[in-house]
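The structure under discussion appears below in the form of structure tokens.
These numbers come from the heavy atoms of this one structure, side chains and all, not from hydrogens, waters or symmetry mates.
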Amino acid sequence: MSESPDAGSLVSASSQLNLMEVDAIDDKEFDIPQVDTPPTLESILNELEDEEEPFVLEDTCMLNTDNMDAHSCDTSSLASSDSGDPAHLKRKRRTVDLNATVHGSVLRHSLLKGISAQIVSAADKVDAGLPTAITVSGLIAVGTSHGLALIFDTNQALRLCLGTKTTGAEFGAVSALSINHDCSRLLCGFAKGQITMWDLANGKLLRTITDAHPPGTAILHVKFTDDPTLAVCNDSGGSVFELAFRRVMGMRSCDSRCLFSGSKGEVCCIEPLRAPPDLRDHPITHYSLLAMASLTKILVIGLKPSLKVWMTFPYSKSDPSSVPQLAWQFVPVQKTVNPILAFCKGDTVHFLLVKKEETGTIHVIKQRQLHLSCDIISLSWINSRTLVLVDSHEKLQVVDRPSQEILETLELEQVQLVYNSRHFKSLATGGNVSQALALVGEKACYQSVSSYAGQIVYLGTKSAHIMTLRNWRERIDYLLKQEHFVEALALAWSFHEGTAKAVVGLFGDPVKRKGVVADKMVEILFQFAEHALKKCPEQGRIQVMEQHFHDVVPVLVDYCLLLQRADVLFNQLYARLVENMVAKGVFLESLESYIVVDRLGHLTTPIMRDLLAHYHGNGMMDSLERCIVHLDVTSLDIQQVVQVCWENQLYDAMIYVFNSGMNDYITPMEKLFAVIGPPLREGRNLTDKEVVMGNKLLVYISCCLAGRAYPLGDIPEDLVVQVKNQVFEFLIHLHSAESSVEEEVFPFIRTLLHFDTREFLNVLAMTFEDFKNDKQALEYQQRIVDILLQVMVDNPDFTPSQVGGLFTFLARQLAKPDNTLFVNRKLFDQVLEFLCCPDDDSRHTERQQVLLELLQVGGVVEFNEEKLLALAEKAKFYQICEFLYEKKHLYHRIIDCYLRDPLREVEVFSYIHNLLSMPGYSPEEKQSIKNKALQHIQELVTLDPSKSADLVVFHFTEEVQQIISELQDDQLLFQFLSFLLEPRDSHHSGTMLLLERDLYELLLDLLCRFAPEQLLSFLQTSQHYRLEEAIQITQKYHHNEATAYLLEKKGDVHGAFMVLLETLKENLSVLATESETGPKAVDRREDEERGHRSTLTRVQDSLNNIIALCHRSSQNLDLQQREVLWFPLLETMMDSQKQVKGPNPKHTSDMLKELTMKILNCMSSFISLPAIIQRILQDPVYGKGKLAEIQSLILGMLDTFNYEQTLLETTTCLLNHDLHWSLAHLRSAVTRGLHPRQDYCNICLQQYKRRQSTAEEIIVFSCGHLYHFQCLQQKDCGWGCASERQRRWTCYKCSSSQGGRSGPVTDAKRGRSTSLAQTHLTSVHHDAGAETGRKKMFVEATLDLQQEQSWDQLRCLYKGPSRLSVLSELSHGHSGEKMGLLISSQPAAENFQLKLSPPPVLEE
């Protein structure tokens, strides 16, 4: 029965250690203690049926069968993603994710039928009441609400019924139970505080203890320790007592000792450390440890040899209603077994490892915490690695402690768990418990959960339930029963690899253990295959059938390979799958992903034959090639494979088969040369496929010469040299095997050179690197070089680039220190002349680049430099010339090279700058460069004026005048100076250039000539010209606007005004002239109208300029000076209206009147209206006519006046309304009465009328707190003036809760800590003979600073800013333009204060 999944066997798996952690354990899986009557076969069979009963909760695994595959990734396999077959890409393949965790059903949940029936029966027949407590040891005891205790054996048979209804009526309900370790004694605690001890052998009452703890409190816990004469109890007062049982002269007694008083913090959970039978001799048991959980902390104390507190540990913050939990467990840690205490309050489980040191002290080590997102109400260990928790929603969670993983979640609602709330509230004794303990008691279910020997029993209101861990086979079978084969295999694999959690039933030698699991997995694989074939849809789309097998076959293949059971895969499983053609196809295709990652290297001959046929038949040639190059050649039919590869151009596979199968490395080369040789000989362009072939050939040759196998791996060491020699022999063949008469010599080397010269030479260069002391190889090296020269030199078929590439390659080889090659030097001179041939203009850049590479290799190849220089200059190879000049340090000559080379002439500036800036060049060299640059300065400036200017700023500041004198073209000089004198960020701009004002004036002169539109911006941004000279220059070229700007800058406002006025008069006269001459012809009318419009625009612009000048200047002038500016302007505009004549003067006249009106509006800010009107009326234009002509002017002024008057009245009204509203709110706030929250001072906590004889001031704050005046004085909560009467006070409680007192002025956000009305109350008592009651006194009321800053507080009541602040901003914004129209934006002086006293508060 050791592997029986018997739910009713209450004593299973007694070894509390996890069997996976200990190497050698007894062969017995369960160590069952002796019981009176062993379970019968019938009872075992009955219990097994429980799982099918509808009462039993379904596992989450059962409920979520559709989602069980959440961990298995559905991805395309390598084959499908790599193959070009679109149909493959659409299919989903199921691959096995070895990291996915599948736990299956970990717990077996069973109803204890016999006990449940007896509980219900006892309640009905003998009025035993409802069950209230349960405990499990070798027996099960159930307590009831009417004071009875029912004792059951392991067969669920009722053995004893202890107690009577009479004692139940006297003692109340059973509130706690405990059985000692040998099942001989039972302790019962009762709701009214009594404790009884029973003999379980005969049901005899041994003790009734009534004085062990204070009366009137319920027993919450009573627990035996490992010492049968010692127990502990915990009552609803929160105290803990030790009970020592004595028997002297046949008299039984009980001594009680208080271990912890509830007045220091109520304890609501206790747990003595009880060792399992095989650890009774553990050294820590001598201390008789007891863990206690109060509402705020955990304590671990030792009862022996003397009482001692070993540890206290406070909780982190948690919900006050959370229930503290404690649970001990012996756990193997580093080859020793020590107890761990798990405790929690809320959602975090803490673990403490308790060790006995050699010194005799107890050492407590904190372990990693476990965080869960639920409120835990029950915590139990089911083995040394696994915890079972119940949360406040009655959900049971199985948690693996090492990994902190939740293995399973079950619903416990149907259990209808019994809660111990009545006892925690001590309702039987009148409910005299603290609120905190009563709150915790709402969720307390300590007495409904009991764990023993790997089993946990839960007590419901009408039933009892048991939870045990399923053994490993049962967990797998549970998934198989639901046809979850993939999950069953994943779970079995985790057992195989030792990664599974909460494992039961696997022990002993790891190898043997893996063998057992592997056999089970093979069995599952066969079941899975059979199931898949049986469930395959017989009809329907082929894609549906394929998808069905894609979910199955890869899983079968994967696990067979993981278990290294290819025999099962290829012989038994494949033989079964072949019956279905779709399954066969899916199987063969799924092999590819395992072959290409080298997990499957050898196939049986029949499967290889089927694989070839299937891939070939479905056109999956790329996949076939990938497979072949990874397979063991011995499993291939070489003839068949070569034929298929050649027909379908699978060259990689063909090379692999020839190389690996026949050690033939040359035949594949011949076949590839046969593909790319003919088109190259005929001079045709290669197709993409032929280019791929050529590249493949180059890589293959490179691999062979380097000793690597193609396409992957290495050539066997004993063949490396042989293969290298064979390849060289092949390459230097004079003719191919099937040569024709026309074939040129050395066809193979010639073909490779024509295909890609540079890459072929790179392959040779890499190969030559390895030739050190190999004489044979060095001979081949010399032979190949000779052939290359013979084939390429003087051959018109090769381009200069290809020939140059060859000689660059040779030069590099010759430059090596250990070179053994011989090349005729004359050949290099020949190549030089060939490359520098001036008659041939084709490929000029290419030739130059090749020659440059050849020169840069240097070393052995020495050319006659004079001859080379002459050739290069003749061929216009300026980069070659630069290279040679650089060697000779003729740097100034390099400038000529750049300037002559159209491709690189722009780079000359960088070259000059770098050479003059960098160290390492002598002063003479730098001077020669400078002279050369100055010599070509005209050319440089023409090339790029901007970069030339940069050069001058950095390196030629002293030669500026010389440069300017050399620049003949004024336009070029203008561009150069513009860039030279533009503002710069760098420090160079502060050099001598800025001191040369002549340069700026020269630029100003050139600007007047070439870019007058930039003139004004130049004058405004530059500060380096002289004013007088600048004015002369602008006057010379008649740029009046610029002249006016300069005169204004000089301080001559009147002069600037006259210049601008002159411009205005000119524009007005042009306008008058245009209006006189009417249109000469119809076709010219549009042009003239356009001209007329542009003249009007010019008039408007010049008028705007002059108005802006007057506006800027008027603020600094007196009235008379202002009139000198504004009135001539007004007269000029009025005069212009007289001169407007011609056929259509109305439009022009209206326009001029509008402009005149604009001047009047602008004047009105600076000149009084009477003076303006008088000047208008004196004017002949308006003076002669009727009032109607000046009506518009007068009405315009009146409109302005009306608008501004209305604006002023509205603003004043709004301000008055705001002020009234604010004051009304302030008054209502300060007149509101204050309501104190308590009748005692918040500092001294005494009644505010504490001394009857003396008068005492009280201060009340708006937050409701009340203080004695003296108490506040002592705490120094006042601030302000020194007089005590006038001090401002802050509420001590509010200000300290906000992080300490802060200065009243700085703390703008102190909320309610200072009051809006802070009131002093004086209570006065008269002597005898006076009135008996207290006299009503008037009270002094003072205001604090918040009232004085009331605007800020009241503004918060608005949704936005106040109208006052909006208007204030407006007045600030326009204060510069209009004066005296708005009232001041500040409503009062800065020290504005409101003195509003509330009505007196009277004390009755």
Please examine the side chains of [Y] and [X], heavy atoms only from C-beta on, and report whether any two atoms are closer than 4.5 Å.
| X | Y | answer |
| --- | --- | --- |
| Ile715 | Gln722 | no |
| Glu408 | His103 | no |
| Cys704 | Ile701 | no |
| Ile595 | Leu603 | yes |
| Val486 | Val552 | no |

Are there more than 12 heavy atoms of other residues, nucleotides or ligands under 6.0 Å from atom [atom1] of [X]?
| X | atom1 | answer |
| --- | --- | --- |
| Met662 | CE | yes |
| Asp688 | CG | no |
| Asp598 | CG | yes |
| Arg599 | CZ | yes |
| Gln564 | CD | no |

Exam field: side chain [X] to backbone [Y], donor-acceptor pair closer than 3.5 Å:
| X | Y | answer |
| --- | --- | --- |
| Gln482 | Tyr478 | yes |
| Asn648 | Leu650 | no |
| Glu690 | Ile676 | no |
| Tyr594 | Pro554 | yes |
| Tyr710 | Ser702 | no |

Check step by step if side chain to side chain contact (heavy atoms under 4.5 Å, CB included) holds for Phe485 and Asp551. CA-CA 11 Å; Phe485 293 97; Asp551 289 341; over 6 Å; no

Without hydrogens or angle criteria, can the side chains of [X] and [Y] be said to hold a donor-acceptor pair below 3.5 Å?
| X | Y | value |
| --- | --- | --- |
| Glu589 | His614 | yes |
| Tyr700 | Asn659 | yes |
| Gln643 | Gln639 | no |
| Asp786 | Gln782 | yes |

Please find out if less than 6.0 Å separates the ring center of Phe730 from that of Phe673. yes

For the [atom1] atom of [X] and the [atom2] atom of [Y], what is their distance to the nearest 0.5 Å?
| X | Y | atom1 | atom2 | result |
| --- | --- | --- | --- | --- |
| Leu697 | Tyr651 | CG | OH | 11.5 Å |
| Leu573 | Phe526 | CG | CZ | 5.0 Å |
| Leu506 | Asn471 | CG | CG | 8.5 Å |

Residues at least two apart in sequence or cross-chain that pass side-chain contact (heavy atoms from CB on, under 4.5 Å) with Ala518, listed by chain then number, are His496, Leu563

With sequence neighbours excluded, tell me which residues meet side-chain contact (heavy atoms from CB on, under 4.5 Å) with Lys671. Trp646, Met654, Phe658, Thr667

Could you point out which residue of Thr757, Leu764, Asn762, Asp756 forms a side chain to side chain contact (heavy atoms under 4.5 Å, CB included) with Phe760? Leu764

Could you give me the CA-CA distance, side-chain angles and deciding distance for Phe755 and Asn695, then say whether side chain to side chain contact (heavy atoms under 4.5 Å, CB included) is met? CA-CA 9 Å; Phe755 175 71; Asn695 287 326; 3.6 Å; yes

Tell me, please, whether Phe728 has Arg783 positioned over its six-membered ring: NZ or CZ under 6.0 Å from the ring centre and within 45 degrees of its axis? no

Between Leu753 and Arg750, is the side chain to side chain contact (heavy atoms under 4.5 Å, CB included) condition met? List the steps. CA-CA 5 Å; Leu753 286 170; Arg750 198 180 290 273; 5.8 Å; no

Does the distance from a Lys or Arg side-chain N to an Asp or Glu carboxylate O, for Arg565 and Asp567, drop under 4.0 Å? yes

